[in-house]
Amino acid sequence: MNISSSHRYFRQHQKTARCWGEGTCCVIIVRHVNTQTEAAFRMNEEELVEYFRDQMRKDPDMASAVAAIRTLLEFLKRDKGETILGLRESLTSATTCLTGVDSSVAVSSGGELFLRFISLTSLEHQDLSRCKKVMEERGELFLEKISMSRAKVAKLCHTFIKDGAKILTHSYSRVVLRVLEKAAGEKKRFSVYVTESQPDAAGRQMAEALRKLNVPVTVVLDAAVGYVLEKVDLVIVGAEGVVESGGIINKIGTYQLALCSKAHNKPFYVVAESFKFVRLYPLNQQDVPDKFKYKADTLKTVENFSEEHPVIDYTPPSLITLLFTDLGVLTPSAVSDELIKLYL
Amino acid sequence: MADSGVTEGPDKKEEIDRAKSEGKELTKEEKQRLRKEKKQQKKNKEKKDDKASQESEKEKKPLSSPPPASQPPPQSTTQKAPSAVPAPAPVSVPASEAPVPADKPAKSKAELKAERRARQEAERASKQGKKGETGQQAATSKQKAPPNELQPVVKRLPEHIQVDNPDVLKKLAKKLERQQIPLRMDYGYKVSLFSHLHQYSRKAPLTQQVSIPSTVIHPAVVRLGLQYSQGIVTGSNARSVALLHAFKQVIRDYTTPPNEELSRDLVNKLKPYISFLNQCRPLSASMGNAIKYIKKEISNIPSQCKEEEAKSKLLNCIECYINEKIILAAKAIAKSAIEKISDGDVILIYGCSSLVNHILCEAFEKSRKFRVIVVDSRPRLEGREALRRLVQKGISCTYVLISAVSYVLPEVSKVFLGAHALLANGYVMSRVGTSQIALVAKAFNVPVLVCCETYKFCERVQTDSFVSNELDDPDDLIVTRKGKTHLKDWQEVPSLGLLNLVYDVTPPDFVDLVITDLGLGMIPCTSVPVVLRVKNVDQ
């Protein structure tokens with residue numbers, strides 16, 4: 001690597017990460033020089049994205065956050081960094097790169113929680129490779145825990161579905177599907193109304209999956225939610241992210257659904273895994289950051305967001321009755337307690 | 001023993017009175033003698049009460065065949081009491097007489113007589129008790145158990161909210177007399193709903209009754225007390241910082257008396273200062289936490305520590321406390337709060353909170369474009385000070401009175417409020433008028449953000465503004481308009497009461513977000529007990 005290319009590399013890194021001092025940039029150059037020969041083994045951005053997409057394709061039932069965490073674990077295994085700090089930086093940048101592919105809240109929260117979980121131990125070993133091994137083990141543990149989370153949630157929630165219940169749900173959520181599967185498995189008789197959930201008509205996908213379980217299902221228009229609510233007994237939705245106030249971020253139309261159920265005094269239940277807890281605190285719809293509101297490709301191509309339709313909305317905690325998570329059944333005010341425990 | 005008290009008493013009493021009037025601090029022996037006298041007076045009173053109750057018992061017993069539930073427990077306890085009191089009385093009498101060597105032979109005869117008398121009384125009481133108890137055993141056995149269980153559950157309310165209870169007032173007067181601090185008298189007619197709180201007049205500050213120079217209270221503390229009572233130092237942060245600076249001065253001027261330990265004596269020295277400041281103006285929650293911290297630090301000083309070293313350590317601790325809990329906390333809170341201020345915002349603030357002003361100035365420096373609406377209320381008109389500070393920085397402000405809040409709210413995007421204290425059940429205690437603004441903001445769906453440092457979180461629980469509050473000088477409400485002062489003679493109208501409340505309590509449903517320090521950033525109002533728990537675990 002000659003002087004001019006290393007200089008260019010230095011400037012490039014300085015631009016992308018303004019918080020880095022020049023010292024860190026120098027370290028990276030040195031590292032780059034050292035590891036030029038081993039570049040074949042390290043994961044760069046394209047490989048990361050490819051691995052992520054591959055994971056999603058292999059198991060369509062897996063949450064995108066879980067795929068992201070698997071990718072990050074693979075990245076960790078292949079990373080040839082020399083310092084812990086450098087490792088942390090590269091993991092953060094990998095997470096940012098993945099959110100560029102799939103801009104859901106869960107990917108960024110899952111990545112952050114993964115990082116926090118693996119670095120929670122006291123990494124006092126002198127040898128970097130031993131430290132890395134500890135981190136990898138914790139990463140595997142984390143992955144194992146969260147793959148069990150959907151089953152835990154289903155176990156908690158299916159008891160709230162009584163025999164003969166009429167359930168209303170919104171769009172396509174794999175967790176809600178799992179819950180309804182479990183309830184059907186317990187020989188409970190219930191019927192489901194699913195909102196169509198435009199613009200991607202994901203509700204029809206949900207209806208198909210439910211028909212396979214022999215559950216009577218009806219697809220309703222998004223506009224017919226108020227009409228249908230007098231017939232239903234309870235409302236169950238999934239969540240893309242659970243925020244600090246106890247509110248949720250979910251597919252657009254959830255806020256309307258929550259408002260209508262509050263007006264009709266029907267219980268509004270949310271099912272979510274714990275890796276979806278995120279350290280955001282929106283005060284209203286405007287306060288949700290733009291990077292979550294629109295799909296990843298829209299973020300990259302479009303300049304003026306006021307013409308775009310957001311794909312998610314924020315439901316405040318006052319409209320939610322209970323949240324079912326793998327940490328237990330929580331009220332919205334208990335979410336903050338759990339977050340303080342997770343993040344502090 | 002009563003005789004000896006009478007003969008010895010008058011001379012010593014005169015000495016003590018003389019010392020008191022000169023404002024000199026009582027020496028240790030004089031204090032001991034005062035304590036002894038008071039104990040004797042108490043015992044004499046108790047004996048009289050017991051004799052009276054014994055007589056009433058003898059009357060009651062033949063009457064009570066099916067005893068009502070309330071009577072046997074007091075009877076059984078009073079039965080126990082007379083047998084208990086004469087027994088320790090003869091024991092304590094020789095102990096208290098030990099320091100007076102002179103009249104020993106004469107006293108011992110009187111002692112023996114008193115002992116014999118007491119023993120006879122005790123035997124008589126127990127015999128009657130047995131007679132009565134066999135008849136009442138079935139009934140009292142059940143009732144004896146509950147009184148014993150109920151006894152430890154006696155809740156002690158703080159004295160400053162029991163002003164209408166004469167016993168509590170007497171106790172307070174005695175305590176202040178012991179500490180040689182003058183008692184401040186209440187002023188004016190109190191509205192009946194708040195008659196359990198103190199109401200003082202600003203025209204009669206406590207410092208007028210303290211002789212200057214006073215050797216009991218440090219001059220820095222006297223000055224601080226005057227600043228509090230006249231309203232020169234207001235705002236919970238300002239009051240806490242002023243308190244800590246005064247205590248630093250006290251520590252600097254402190255010298256350990258011989259045969260005393262710094263850790264114990266200094267704490268005892270601070271107690272009268274705290275009572276004095278409490279009399280000048282009731283302590284705030286932040287001041288209470290600061291005092292707790294100082295007391296803890298002082299009592300943790302190891303006894304081998306030299307005085308100079310201990311003093312410098314304490315001064316350092318106080319500096320650290322001010323720096324960490326107030327100054328750095330304000331910076332951390334400002335950092336989190338600025339994320340919530342976006343360009344084009346219209347922010348509503350109430351009164352003058354040092355923290356909220358700091359946040360707005362910081363946001364303005366970080367070039368956020370917003371404008372501020374300052375809401376103000378009588379009689380304090382603190383909003384004018386906030387207005388002055390913000391306009392000096394160049395922030396565009398609007399000024400309204402609290403009666404116009406519902407008119408102005410449709411154009412407001414956020415409400416920022418400061419807090420005096422955050423209670424353990426999530427309620428926010430702040431300047432009177434805050435809960436009104438939170439209520440109206442909720443009705444208009446405007447988010448309400450409360451900014452509060454963690455050192456103001458307190459373990460108290462309150463659901464209304466009546467139980468514990470502060471009544472300010474009612475004369476503040478008198479105002480002269482167009483040459484007429486309408487309420488000038490309000491004291492002469494017997495049915496008229498002026499109420500000048502200082503604090504009120506906002507429920508957590510009206511507060512959307514609490515911004516605090518300690519790395520927590522933004523938390524919902526219901527998570528305050530979690531923070532208290534985490535803080536206690538850390539400490």
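Convention: sequence-line order gives letters A, B, ...; per-chain numbering from 1. Just the heavy atoms: all of them, side chains too, but no hydrogens, waters or symmetry mates, feed the values below.
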Please check if atom [atom1] in [X] has more than 12 non-hydrogen atoms from other residues, nucleotides or ligands closer than 6.0 Å.
X: B:Lys335; atom1: NZ; answer: no
X: A:Tyr227; atom1: OH; answer: no
X: A:Gln256; atom1: CD; answer: no
X: A:His264; atom1: NE2; answer: yes
X: A:Lys152; atom1: NZ; answer: yes

Distance-minimising heavy-atom pair for [X] and [Y]:
X: A:Glu244; Y: B:Met522; value: OE2-O, 2.7 Å
X: B:Arg533; Y: A:Asp337; value: NH2-OD2, 4.5 Å
X: B:Asp512; Y: A:Tyr281; value: O-OH, 2.6 Å

> In terms of heavy-atom pairs under 4.5 Å with chain A, which of B:Val530, B:Val531, B:Asn445 leads?
Replying inline: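 Looking at each option in turn, the highest pair count goes to B:Val530.
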> What distance do A:Leu283 atom CG and B:Lys340 atom NZ have between them, rounded to the nearest 0.5 Å?
Replying inline: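 Answer for the CG-NZ pair, A:Leu283 versus B:Lys340, is 4.5 Å.
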>> Counting heavy-atom pairs under 4.5 Å with chain B, which one of A:Ser333, A:Ser245, A:Pro316, A:Pro282 comes out on top?
In response: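 Most heavy-atom pairs within the cutoff with chain B belong to A:Ser333.
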